[in-house]
Amino acid sequence: MVTELARGADGGLVASAGPRYFGFVIGGSLPAALGADWLTSAWDQNAGIYVTSPAAAVVEEVSAQWLLSLFGLPPSASVGFVTGGQMANTACLAAARQAVLRRAGWDVEQRGLYGAPEIEVVVGAEAHVTVLTGLRLLGLGAGRVRVVPTDGQGRMRPEAVEQELERGAGPMILCAQAGNVNTGAFDPFDRIAPLARARGAWLHVDGAFGLWAAASPAHRHLASGVALADSWATDGHKWLNVPYDSGFAIVADRAAHHAAFSADAAYLEKTSGEGRDPEDWVPEFSRRARGFPVWAALRSLGREGVSALVDRCCAHARAIADRLRRAPGVEILNDVVLNQVLVRFTPPTGGDPDAFTREVVQRVQRDGTCWLSGTTWQGRAAMRVSVSGWSTTAADVARSADAILSAAARAPSP
Ligand SMILES: Cc1ncc(COP(=O)(O)O)c(C=O)c1O
């Protein structure tokens, strides 16, 4: 049966865990994390409450401390182990909703939003779509947000943030970003965090992959000031290279985080404080013990290994950009500050660069040396290269750059 499944699925599998996969922002699986993930399935633990798996609960607690230390976040922050960036954003925003309404004298967990003071939500024009989905799920609406304009790299303009924060005095949530999905750029936390604090607004940071820059001495300046935020969403299955699914909802105000999710019932033997019940920090109740592969990834890499992984991917991204930009007709659209590269191609024989760029993306996908996808950046078609896998080498980068350049060297199809 398993052989039949493997045979049947094979043709439909994508080599996204491999070294020349540069699509979206998708990491591979570190060997230790993969081994721990197999154990997780074989052990089949329910990581809902402490008594259903003390090991899962404790391993999450230990991994949470390691993550906070790596990111330079307050050690007292709480961490929920969720499925990914989408749920990390949603869980953090649930804690935000709880806290800003509590300060306004409203218990949203008991009373819901009926008759509640309105929450102003401010987002950057480049907010990731999952932030908006989180707002929808929480009854805050994706369409009523105030949108702050961004610069050429997708960073919120701090003067515009200041203007938005000055409007009204009621509950407010400001959603910022560490790592734009196209450019890798960071919002200016140093500038906007003090503004949010002075206004009493909750500052949430979507750092699905970019927060990992804070784990690298060479790159943490990009996220300078990020620790001043109130909540942070990030992923394990992207840059930490643990198997899907894995994300972290991190909240400075533990009480707000706990109040947003904690559930109790007579039959649950919860730990009343001495142990950590994982379900108190996430939207799920019963769930996979996804802390085991996280622990294994962090333990196998160590602080220096995590930093080296981030630095290596960034160096590969810079190498691809440097190699491509030397060729005629190739333009790098972003400042390559992290692991993301946006590339645009002008046809060698003249013609429409948008159509040609899309054609080059398709040619590269068909060629199969590497895989990457396309996007539109500020109205212009671009190829997106995202280097997030632990196993990519300089040879993979050189081979992939050759494949991209040879796809771009041929004239556009008629
Ligand atoms: C900035 C950002 N936020 C959120 C997400 C969503 O993360 P996930 O796919 O893990 O739900 C992504 C995914 O690429 C992202 O880049």
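Whatever order the structure lists them in is the order used to number ligands and atoms, beginning at 1.
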Gln362: partners by side-chain contact (heavy atoms from CB on, under 4.5 Å), with sequence neighbours left out: Arg366

Ring center gap for Trp232 and Phe248 short of 6.0 angstrom: no

Which protein N or O atoms sit under 3.5 Å from any N or O of ligand 1? Give atom names and distances.
from, atom 1, to, atom 2, distance (Å)
ligand 1, 3 (N), Asp206, OD1, 3.0
ligand 1, 3 (N), Asp206, OD2, 2.7
ligand 1, 7 (O), Asp235, OD2, 3.4
ligand 1, 7 (O), Lys238, NZ, 2.9
ligand 1, 9 (O), Lys238, NZ, 3.3
ligand 1, 10 (O), Gly85, N, 2.8
ligand 1, 10 (O), Asp235, OD1, 3.1
ligand 1, 10 (O), Asp235, OD2, 2.9
ligand 1, 10 (O), His237, NE2, 2.7
ligand 1, 10 (O), Lys238, NZ, 3.0
ligand 1, 11 (O), Gly85, N, 3.2
ligand 1, 11 (O), Gln86, N, 2.8

Arg20 charged N/C atom sitting above Trp371 aromatic ring, 6.0 Å / 45°: no

Side chain Arg7, main chain Val2, donor-acceptor under 3.5 Å: no

Give every donor-acceptor pair under 3.5 Å between a side-chain atom in residues 291-308 and any protein atom, sequence neighbours left out.
from, atom 1, to, atom 2, distance (Å)
Ser300, OG, Ala296, O, 3.1
Ser300, OG, Ala297, O, 3.1
Arg303, NH2, Ser69, OG, 2.4

Sequence-distant partners of Trp390, ring pair (Phe, Tyr, Trp, His ring centres under 6.0 Å), two or more places apart: none

